Amino acid sequence: MSACVPTRATDPSDPHRASHLHPPHSPPPTPPRRFRIASADVSASIAVFLIALPLSLGIALATGAPLQAGLVAAAVGGIVAGRLGGCPLQVSGPAAGLTVVTADLIHRYGWRTTCAITVLAGVVQLGLGCLRVARTALAVSPAIVHGMLAGIGITIAVAQLHIVLGGTPQSSVLDNLRALPAQLARVQPAAVSVSALTLTLLFLWPRIPGRAGLLLRRIPAALVAVAGATTTASLTGLVLPKVDLPSWSSHALAGLPEGPALGLVAAVLTTTLVCSVQSLLGAVAVDKLAAGRPDLLAGGPGSGRGARVGRSDLDRELLGQGAANIVSGALGGLPVAGVAVRSSANVQAGAVSRNSTMLHGVLVVIAALLMVPVLEFIPLASLAALVMAVGIQMVSLHHIRTVTRHREVLVYAVTTFGVVVFGVLEGVTLGIAVAVGVSLHRLTRTRITHHERDGVHHVHVRGQLTFLAVPRLSRALHLVPQGADAVVELDGSFMDHAAYESLQDWQKTHTAQGGSVELTGRSPGTSIAEPSGAADCRCRPWTAWRNHQCELPHPASASTPTWSAVSDTGASGAAGTATAAVSPGPSGASGASGMSGASGASGASGSSGENGGPDEAGRPVRPGGSGELGDSNGPTGSSGPGGPGTSRGPAGSSGPLAPAGSGGQELARGISAFQRNTAPIVRGELARLAREGQQPAQLFLTCADSRVVTSMITSSGPGDLFVVRNVGNLVPLPGEESGDDSVAAAIEYAVDVLKVRSITVCGHSGCGAMQALLDSEPGGARTPLKRWLRHGLPSLERMADDSRAWAKLAGRASADAVEQLCLTNVVQQLEHLRAHDSVARALRDGELELHGMYFHVGEAQAYLLTEVSSEGVFDRVTDADGLRSPV
C-alpha cells in the first residue's frame with residue numbers, strides 16, 4: 001500500500017476549487033475506456049461453449065422437454081445470470097441436478113405450465129435475494145445436499161440406461177428398474193454400440209499420455225465423445241433416433257399455470273430450493289477455485305490491467321439466478337442454475353471476468369440459429385450416454401467418505417433414498433428431518449454412570465447436561481447413600497439451568513445430611529465448587545497450562561485425587577520456567593520483553609471467582625459463597641488465608657504452590673486430554689496424512705517464543721505448514737552458519753523437496769532476542785546464544801542506517817525500539833532468504849512468494865508486510881483481507 005500523504009486537502013466548500021473538475025494546468029480527463037474483452041475470456045468462453053452445447057441437449061433429452069429448451073436455458077444462463085449474478089466466473093445453464101424435478105413437472109403439468117413454474121421460481125428467487133437471505137441456504141447440511149445430488153444422479157443414470165439400450169424410460173426410478181429386464185431382452189445393438197463408443201471416448205480422452213495428450217486434452221472430452229459417436233454413426237450408416245430441432249417459429253413459450261394450487265406452490269418451492277442451493281454452493285466452490293489463481297486476485301500477467309475477482313456476492317447471485325429463470329421460463333427454456341462442470345472449466349481455462357460467461361451464452365445463441373443442420377446428426381443414444389455418465393459422477397465417493405468421517409452417513413443415505421423413491425422435495429424433507437433428529441440425539445446423548453470405589457461414590461456425567469438428562473441424573477444421584485462421600489465428574493461442554501438447579505439442590509441436601517460432595521469437570525460451564533473448596537474446572541483443551549483453573553494433585557488423597565487451583569500471579573509454572581532461560585539477563589526474565597511472556601496471565605482469571613467477572617474465555621462466572629455453583633476458590637491465589645502465592649486445598653487449608661518440576665504432570669495430563677478428547681476427532685485426518693505424506697503449502701519461519709502459537713494465529717491444521725522456529729526468527733546468510741545449517745537445510749528441503757509455494761517470516765512483539773540484541777555490548781563471553789544472535793546484527797545495522805526508511809505499522813508509530821527492531825528484522829530476514837540458492841531459483845521461476853508478518857501478542861493482531869521498496873509497511877489483517885502482493 002502506498003505511504004504517500006496528500007500535500008493539500010481538497011475543500012469541497014471552496015467555490016473556486018469546486019468550479020474545476022480537474023487541476024487547471026493538467027491535461028483534460030481521458031475519455032471513458034472502450035469495452036474490451038480479454039483474450040483469456042475469449043478462449044475460456046469457447047471451451048465452456050464446447051462443453052455446454054452437448055450437455056444442454058442431453059439434459060433437455062433427459063427431462064423430456066423440447067431439445068431447444070436446453071439451448072435457451074444455456075444462452076439465458078450465460079448472458080443474463082452471467083451479467084447480473086454475483087459470482088463472475090460461475091457459468092449457469094440447465095443443470096443435471098434439476099433433471100428429475102423438471103421431468104416430474106413436465107409429466108404432471110405439461111411443458112407450458114412447467115415454463116410458468118420456472119418463471120414463478122425466478123420471482124421467488126428475486127424476493128429471497130432482496131431479503132438478503134442467500135447465506136441461509138448454506139446452513140443446509142452438506143450431507144443433505146450431497147445426498148440430494150446422489151439421488152438425482154441415480155435417477156438420471158437409471159432413466160438414461162433405457163435410451164442407451166435403445167428403449168424409452170419410464171416416469172419413475174422404480175418403474176425403470178421393473179422394466180429393465182424386459183428392456184435387456186430387446187436390446188438394440190446400434191444404440192448400445194454408439195453409447196459404448198461415447199462412454200469410451202469420454203473416459204479415455206482425458207487420460208491420453210504424453211505431450212500430444214497434453215495438447216489434445218484441451219478439447220473437452222464431452223465434445224469429443226459426442227462428435228466421435230456422431231461421425232461414426234454417420235459413416236457406418238447406423239439407423240438411430242437423432243436430435244430433432246423443430247423450427248423456432250413453433251417453439252412453445254410459457255403459458256398460464258394450470259393445476260391444483262397446492263401442487264403448483266410445492267412445485268415452485270421445489271424448483272426454487274434446488275436452483276438456489278445448487279447455485280449458491282456452486283458460487284462458494286468457484287471462490288475456492290479462484291483462490292488458487294493468483295492472477296485473479298492481483299491482476300497478474302495475462303489477466304488484463306487491474307483484473308481482480310473478489311469473493312462472490314451471494315445475494316446478488318441469487319438475484320441474477322432469479323432474473324435468468326424468469327427470462328428462461330418466459331422464452332420456453334429449462335430452469336437455470338449454476339453448473340459445477342462448466343464453472344470449473346471456465347476457471348481452469350483462464351477466464352478473468354464475467355465476459356467469458358456472457359460470451360459463451362452468445363456462442364450458444366449463434367449455434368442454435370446457424371448449426372441446426374449439424375446438431376440434427378447427433379444420435380440420441382450418444383447424448384443419453386453422456387448424461388448417464390454425468391449422473392453416475394454425481395454419486396461422489398469423496399462425498400461419501402466425507403459424510404462418513406463426520407458421522408452423517410445416515411442423513412446422506414436417507415436423503416438419497418428419499419429422492420430416488422419419492423422425489424426431490426420429499427427426499428430433502430426426509431433428510432432435514434433425519435439431520436434434526438441426529439443433532440437432537442447428539443445433544444441429548446448423555447451417559448450417566450454410578451459406581452463405588454474405596455467407599456467413595458462416583459457419578460460420571462459424559463455429554464451435554466440438559467433438562468432431558470435431568471431424570472437420569474436424579475436417579476444416579478439418589479443412588480448415593482446419605483452421609484456418604486461423593487464425587488460428581490462433569491465431562492461435557494454445556495449445562496442448562498434445569499440441570500444446574502437439580503445438581504445444586506442435591507448438593508445442598510446431601511451436604512446438610514452429613515455427606516461430602518466433590519464436583520469436578522473439564523469443560524467450560526461445568527464449574528461447581530463445594531464448601532470445602534474443591535475448585536472448578538472451566539478450561540478448554542487448548543487452554544494454556546498457566547491459565548488452567550484445575551486443581552493440582554493433593555497429597556492427602558492419593559486414592560481419589562483432587563485438583564487445587566494454582567495462582568496465576570504467583571506461580572512460576574512449567575511453561576514459564578521452560579522459556580525464561582532463553583532470554584539473557586534481567587531483560588529476558590521480565591514478562592514485558594522476555595520470551596516467557598508471563599505478563600497478563602493473571603488478568604484473565606484474577607477476578608472471576610470473587611467479583612463475578614468473566615473468566616479467561618470471556619464467560620461470566622457467577623459470584624457466590626461456599627457451597628454454591630460457580631464459587632471459585634483460588635484462581636488468583638488471594639482468596640486463601642495465605643494470600644498471594646498460596647492455593648486452597650480440598651479441605652480449605654492453604655498449601656504451597658506447585659513446584660517447578662510439576663511440568664511433567666502438566667505434560668502427562670495434557671497428553672491424556674489429547675488422547676481422550678482430540679485424537680478421536682483428528683485420527684482420520686492424521687491417518688490420511690500418514691498415507692499420503694506431507695504436502696504443506698507454506699514454510700512458516702517464526703520465533704521460538706512460547707506465546708507464538710502458529711496453528712492458532714493462522715487457523716491451520718496438521719499438514720498445512722512446514723514450521724521452522726528459532727530464537728529471533730533469524731535466517732543466517734549462506735556461508736555464515738558456522739557449522740549450524742539447520743535453517744538453511746529446512747529452507748532447501750521446503751523449497752526443493754516439498755515444493756512449498758510461499759515462505760513467511762513472522763516476527764512478534766516483545767521479542768526477547770531483539771531485546772538482547774539492543775542490550776548487547778562488545779566483548780564478553782561468547783555464549784551459544786550470543787553466537788546465534790550475531791545473525792541479527794544486520795537488522796540492527798539496518799535500523800541504524802539513516803538512509804533507509806524504517807519499517808512501520810500502518811496507522812501508528814512503533815511503540816519502542818524493541819518493536820522497531822522486530823519489524824526491521826522481518827524485512828532484513830526476507831532479504832537473507834533471497835540469498836539462498838533454492839529460494840532465488842524458485843523466485844526467478846515464479847514458483848515462490850515471500851511474505852513478511854508481524855504478530856502483536858498483546859493485541860492478538862496480525863500484520864502483513866504490504867510493500868518492500870523504499871519502506872516496509874505492515875498492515876492489519878482483518879476478516880476481509882487476504883495476503884497482499886508478494887514482497
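Atom set for the values below is all heavy atoms of this structure, side chains included, hydrogens, waters and symmetry mates excluded. What you see is a predicted model; the values in this text were computed from it and never measured.
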Peer 1: Begin from the C-alpha positions of Met388 and Val164 and carry the test side chain to side chain contact (heavy atoms under 4.5 Å, CB included) through to its verdict.
Peer 2: CA-CA 9 Å; Met388 185 179 71; Val164 167; 4.3 Å; yes
Peer 1: Counting heavy atoms not belonging to Leu370, are there more than 12 under 6.0 Å from its CG?
Peer 2: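 Check passes, neighbour count above 12.
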Peer 1: Testing the basics here: between Ile106 and Gly64, what is the closest heavy-atom pair and its distance to 0.1 Å?
Peer 2: CD1-C, 4.1 Å
Peer 1: Please list, one pair per line, the donor and acceptor atoms closer than 3.5 Å that link side chains of residues 119-131 to other protein atoms, with sequence neighbours excluded.
Peer 2:
unit_1	atom_1	unit_2	atom_2	d
Gln125	OE1	Asn325	ND2	2.7
Gln125	NE2	Ser276	OG	3.1

Peer 1: Going by salt bridge (charged side-chain N to carboxylate O under 4.0 Å, His left out), name the pairs with one or both residues in residues 97-121, residues two or more places apart or in two chains.
Peer 2: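 Counting only pairs at least two positions apart or across chains, the salt bridge (charged side-chain N to carboxylate O under 4.0 Å, His left out) contacts touching residues 97-121 are Asp104-Arg108.
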Peer 1: Tell me if a side-chain donor or acceptor on His162 pairs with a main-chain N or O of Asn176 at a distance below 3.5 Å.
Peer 2: yes
Peer 1: For residues 260-272, which residue pairs pass the side chain to side chain donor-acceptor pair (under 3.5 Å) check, not counting sequence neighbours?
Peer 2: none
Peer 1: Show your reasoning for whether side chain to side chain contact (heavy atoms under 4.5 Å, CB included) applies to Ile378 and Lys242.
Peer 2: CA-CA 6 Å; Ile378 301 175; Lys242 297 180 180 179; over 6 Å; no
Peer 1: Distance-only criterion, 3.5 Å: show the donor-acceptor pairs between side-chain atoms of residues 422-438 and protein atoms not counting sequence neighbours.
Peer 2:
unit_1	atom_1	unit_2	atom_2	d
Thr429	OG1	Leu425	O	2.7

Peer 1: Determine whether Leu61 and Leu380 make a side-chain contact, defined as any pair of heavy atoms from C-beta on separated by less than 4.5 Å.
Peer 2: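 In contact.
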Peer 1: Can you list every side chain to side chain donor-acceptor pair (under 3.5 Å) pair that touches residues 257-268, not counting sequence neighbours?
Peer 2: none
Peer 1: Side chain to side chain donor-acceptor pair (under 3.5 Å): which pairs involve residues 191-210, sequence neighbours left out?
Peer 2: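 The answer is Thr198-Ser382.
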Peer 1: Nearest 0.5 angstrom please: Leu397 CG to Thr404 OG1, how far?
Peer 2: 10.5 Å
Peer 1: With sequence neighbours excluded, tell me which residues meet ring-ring contact (aromatic ring centres under 6.0 Å, His included) with His399.
Peer 2: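 Residues passing ring-ring contact (aromatic ring centres under 6.0 Å, His included) with His399: His146.
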Peer 1: I'd like to know if the side chain of Ser328 and the backbone of Val336 have a donor-acceptor N/O pair within less than 3.5 Å.
Peer 2: no
Peer 1: State, yes or no, whether a side-chain contact exists between Leu281 and Val284 at a heavy-atom distance under 4.5 Å.
Peer 2: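 No. Closest side-chain heavy atoms not under 4.5 Å.
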Peer 1: Picking from Leu363, Val362, Leu223, what satisfies side-chain contact (heavy atoms from CB on, under 4.5 Å) with Phe49?
Peer 2: Leu363
Peer 1: Can you confirm whether Val409 sits close enough to Ile400 that some side-chain heavy atom of one is under 4.5 Å from a side-chain heavy atom of the other?
Peer 2: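 When only atoms from C-beta onward are counted, Ile400 and Val409 do not touch, as no gap falls below 4.5 Å.
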Peer 1: For Arg132, I'd like to know if atom CZ has over 12 heavy atoms of other residues, nucleotides or ligands within 6.0 Å.
Peer 2: no
Peer 1: Any salt bridge (charged side-chain N to carboxylate O under 4.0 Å, His left out) pairs touching residues 150-179, not counting sequence neighbours?
Peer 2: Asp175-Arg178
Peer 1: Can you establish whether the number of heavy atoms outside Phe203 located under 6.0 Å from its atom CZ is more than 12?
Peer 2: yes
Peer 1: Looking at CD1 of Ile219 and CD1 of Ile51, how far apart are the two atoms once the value is rounded to the nearest 0.5 Å?
Peer 2: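 Here the rounded value is 12.0 Å.
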Peer 1: Side chains of Pro257 and Tyr109: does their closest heavy-atom pair fall under 4.5 Å?
Peer 2: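 A side-chain contact is absent here, since even the closest heavy-atom pair is not under 4.5 Å.
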Peer 1: Provide the closest heavy-atom pair for Ser279 versus Gly338 in the form atom of the first, atom of the second, distance.
Peer 2: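 Of all heavy-atom pairs spanning Ser279 and Gly338, the closest is OG-N, 3.0 Å.
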Peer 1: So do Pro88 and Ser353 actually touch side chain to side chain, heavy atoms under 4.5 Å?
Peer 2: no
Peer 1: How far does OG1 of Thr230 sit from CD of Glu376, to the nearest 0.5 angstrom?
Peer 2: 12.5 Å
Peer 1: Crowded around Leu262 CG? As in, over 12 foreign heavy atoms under 6.0 Å?
Peer 2: no
Peer 1: Pairs under 3.5 angstrom only: tabulate donor-acceptor contacts from the side chains of residues 181-191 to other protein residues two or more places apart or in another chain.
Peer 2:
unit_1	atom_1	unit_2	atom_2	d
Arg186	NH1	Ala182	O	3.4
Gln188	NE2	Gly166	O	3.2

Peer 1: Over all heavy atoms of both residues, which pair between Ala229 and Leu197 is shortest? Give the atoms and the distance, please.
Peer 2: CA-CD2, 3.9 Å
Peer 1: Got a sec, which pairs hit side chain to side chain donor-acceptor pair (under 3.5 Å) with one end in residues 74-93, sequence neighbours left out?
Peer 2: Gln90-Glu317, Ser92-Gln321
Peer 1: Provide the full list of salt bridge (charged side-chain N to carboxylate O under 4.0 Å, His left out) pairs with a residue in residues 397-425, sequence neighbours left out, each pair given once.
Peer 2: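 Sorted result for residues 397-425: empty, none.
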Peer 1: Of all the heavy-atom pairs spanning Ala367 and Leu375, show the shortest one and how long it is.
Peer 2: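 Smallest heavy-atom distance, with atoms named: O-CD1, 4.4 Å.
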Peer 1: Could you check whether any side-chain heavy atom of Leu84 comes within less than 4.5 Å of a side-chain heavy atom of Leu319, counting everything from C-beta outward?
Peer 2: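 No. Closest side-chain heavy atoms not under 4.5 Å.
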Peer 1: Any salt bridge (charged side-chain N to carboxylate O under 4.0 Å, His left out) involving residues 155-167? Give me the pairs, sequence neighbours left out, ordered by first then second residue.
Peer 2: none
Peer 1: Of the non-hydrogen atoms in Ile59 and Pro94, which two are nearest, and what is the gap between them?
Peer 2: CD1-O, 3.2 Å
Peer 1: Please give me the minimum heavy-atom distance between Ala44 and Asn346, naming the atom from each residue.
Peer 2: CB-OD1, 3.7 Å
Peer 1: Taking C-beta and beyond as the side chain, do Ile163 and Pro169 meet within less than 4.5 Å on heavy atoms?
Peer 2: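 They are in contact (side-chain heavy atoms under 4.5 Å apart), so the answer is yes.
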Peer 1: Quick check against the 3.5 Å criterion: does Asp287 have a side-chain atom that pairs as donor or acceptor with the backbone of Ser312?
Peer 2: yes
Peer 1: Counting distance only, does the side-chain N/O of Arg342 pair as donor-acceptor with the main-chain N or O of Val48 below 3.5 Å?
Peer 2: no
Peer 1: Is the shortest heavy-atom distance from the side chain of Ile79 to the side chain of Val365 under 4.5 Å?
Peer 2: yes
Peer 1: For Thr416 and Gly147, indicate whether the former's side chain and the latter's backbone hold a donor-acceptor pair under 3.5 Å.
Peer 2: yes
